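Notes follow once the structure below has been shown.
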Amino acid sequence: MGQEERDRVVATLPGEVTYEEMAMPEGDSHQEPKTLAREALRGYFKRRGRKAYVVAELPVYYPGERRFAPDLLVVLDVENHRRKKWLVSHEGHGLDWVMEIHVGGDRKKDAEFNVRRYARLGIPEYFIFDGGRLTLEGYRLATPDARVYTRMESRNGRFVSEVLGLELQVEGEDVRFWAGNAPLLVSEEFIERLEDQTMSLQRRAQEESRRADEEARRADEEARRAEEESRRANEAERRSKELEAELARLKKSQG
């Protein structure tokens with residue numbers, strides 16, 4: 001099959017998930033963690049200058065497998081352009097990292113079926129965030145050739161993703177990613193932090209201005225006090241000289 005014919009075949013594959021394939025809508029508890037995680041990861045790789053394709057609910061085609069659309073997936077070191085589908089045979093690369101978000105209902109699809117399926121497909125890491133229980137599970141292929149996952153153990157509530165080079169933990173109702181001791185922030189958090197820093201700088205500037213005004217007032221007060229003391233000293237000296245002159249005149253008149 002030539003490249004032109006191959007491209008035509010790829011183009012004919014559906015790029016939308018059908019209603020039958022979609023899970024029951026689960027509202028913000030499903031959508032928000034997914035959106036925040038996607039934004040955090042996209043921002044992280046962009047700042048590092050590393051190519052990474054981070055997307056949600058993209059139809060994925062593995063050879064000989066029924067298509068599926070993970071809640072969130074990452075493929076490293078590939079061009080980050082918009083796609084309608086991920087066809088492994090066409091892209092030449094399978095998925096590197098997957099996260100599914102479960103909120104309600106039967107957990108078997110995410111916690112049992114997908115654990116077996118993603119391991120069989122050779123996806124190196126798979127995470128499940130349970131938005132109802134607020135728990136996180138992580139699975140990893142012990143070796144590139146392994147086709148059964150090893151369940152990860154958390155350390156102080158965090159899971160280490162060797163694929164992403166990050167740590168994950170449940171924070172509130174979402175998943176927080178960490179690069180060492182630094183949390184990955186989304187744009188809203190960046191804005192809030194910048195606003196807090198701006199307010200802090202403004203308060204500091206106002207405090208410094210108040211202190212400068214207070215120091216200037218004190219300096220003016222000291223200058224006025226010094227000037228008053230100098231005037232009094234001059235007045236005392238003048239009065240002393242007058243008294244000395246008066247005394248000298250009295251002595252002269254008596255002599």
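Remember, it's a predicted structure, so these values are computed and weren't measured experimentally.
Among residue pairs with one or both ends in residues 147-161, those qualifying as salt bridge (Lys or Arg N to Asp or Glu O under 4.0 Å) are Glu137-Arg151, Arg158-Glu167; sequence neighbours excluded.
The heavy-atom pair separating Leu184 from Ala40 by the smallest distance is CD1-O, 4.0 Å. Residues Ile128 and Asp110 share a closest heavy-atom pair of CD1-O, 3.2 Å. The heavy-atom pair separating Pro63 from Val88 by the smallest distance is CD-CB, 4.2 Å. In terms of heavy-atom proximity, Leu95 sits nearest to Pro70 at CD1-CG, 4.2 Å. Looking at every heavy atom in both residues, Val163 comes nearest to Leu76 through O-CD1, 3.4 Å.
For the residue pair Gln169 / Trp178, a side-chain donor-acceptor distance below 3.5 Å is found, with atom types taken as modelled. With no hydrogens or angles considered, a side-chain donor-acceptor pair links Glu100 and Tyr118 at under 3.5 Å.
By the 4.0 Å N-to-carboxylate-O rule, Glu228 lies close enough to Arg231 to be salt-bridged with it. Using a 4.0 Å cut-off between charged nitrogen and carboxylate oxygen, Arg232 and Glu235 do not count as a salt-bridge pair. Between Arg218 and Glu214, at least one side-chain nitrogen of the basic residue sits less than 4.0 Å from a carboxylate oxygen of the acidic one, meeting the salt-bridge criterion. Ion pairing between Lys241 and Glu244 fails under the 4.0 Å rule for side-chain N and carboxylate O.
Counting only distance, with no hydrogens or angles, the side chain of Thr35 and the backbone of Glu32 share no donor-acceptor pair below 3.5 Å. No donor-acceptor distance shorter than 3.5 angstrom exists from the side chain of Glu91 to the backbone of Trp86, with no hydrogens or angles considered.
Proximity of Glu162 to Met152: side-chain heavy atoms (C-beta onward) are nowhere separated by under 4.5 Å. Put simply, the side chain of Lys109 does not reach to within 4.5 Å of the side chain of His102, judged on heavy atoms. At a threshold of 4.5 Å between non-hydrogen side-chain atoms, the residues Phe68 and Leu121 count as touching.
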* Stepwise side chain to side chain contact (heavy atoms under 4.5 Å, CB included) check, Phe129 with Thr135 -> CA-CA 6 Å; Phe129 172 58; Thr135 58; over 6 Å; no

* To do: Could you please spell out the steps behind the side chain to side chain contact (heavy atoms under 4.5 Å, CB included) verdict for Glu57 and Lys34?
  => CA-CA 10 Å; Glu57 297 179 344; Lys34 176 173 54 183; 2.5 Å; yes

* For Glu39 and Arg42, what are the C-alpha separation, side-chain angles and deciding distance, and is it a side chain to side chain contact (heavy atoms under 4.5 Å, CB included)? -> CA-CA 5 Å; Glu39 183 179 349; Arg42 283 180 174 178; 5.8 Å; no

* To do: Could you walk me through whether Trp97 and Leu166 pass side chain to side chain contact (heavy atoms under 4.5 Å, CB included), step by step?
  => CA-CA 12 Å; Trp97 186 92; Leu166 298 169; over 6 Å; no

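To the nearest 0.5 Å, atoms CD (Glu65) and CZ (Arg67) are separated by 14.0 Å. Between the CZ atom in Arg176 and the CG atom in Leu136 there is a gap of 14.0 Å [rounded to 0.5 Å]. A distance of 13.0 Å separates CD of Glu229 from CZ of Arg224, quoted to the nearest 0.5 Å. Here CG of Leu58 is found 11.0 Å from CG of Leu72. Values are rounded to the nearest 0.5 Å. In this structure, OH in Tyr149 is found 8.5 Å from CD in Glu125, a value given to the nearest 0.5 Å. Summarising the geometry, atom CD belonging to Glu246 is positioned 8.0 Å from atom CG belonging to Leu243; distances are rounded to the nearest 0.5 Å.
Evaluation of the side chain to side chain donor-acceptor pair (under 3.5 Å) rule for Tyr62 yields no partner, not counting sequence neighbours. Evaluation of the salt bridge (Lys or Arg N to Asp or Glu O under 4.0 Å) rule for Asp96 yields no partner, not counting sequence neighbours. Among residues two or more places apart in sequence or in another chain, the side chain to side chain donor-acceptor pair (under 3.5 Å) test is passed with Glu207 by Arg210, Arg211. Partners of Lys51 by side chain to side chain donor-acceptor pair (under 3.5 Å), not counting sequence neighbours, listed by chain and number: Glu79. Looking at residues two or more places apart in sequence or on another chain, you find a side chain to side chain donor-acceptor pair (under 3.5 Å) between Asp77 and Arg50.
In this structure, Tyr126 and Tyr139 have parallel ring planes: the angle between them is below the 30° cut-off, well short of the 60° mark.
Within 6.0 Å of the CZ atom in Arg48, the count of heavy atoms belonging to other residues, nucleotides or ligands does not exceed 12.
With hydrophobic clusters built from ILVMFWY side chains whose heavy atoms lie under 4.5 angstrom apart, Leu168 shares a cluster with Leu134. By the rule that hydrophobic residues join a cluster once side-chain heavy atoms approach within less than 4.5 Å of another member, Val160 and Tyr44 end up as members of separate clusters.
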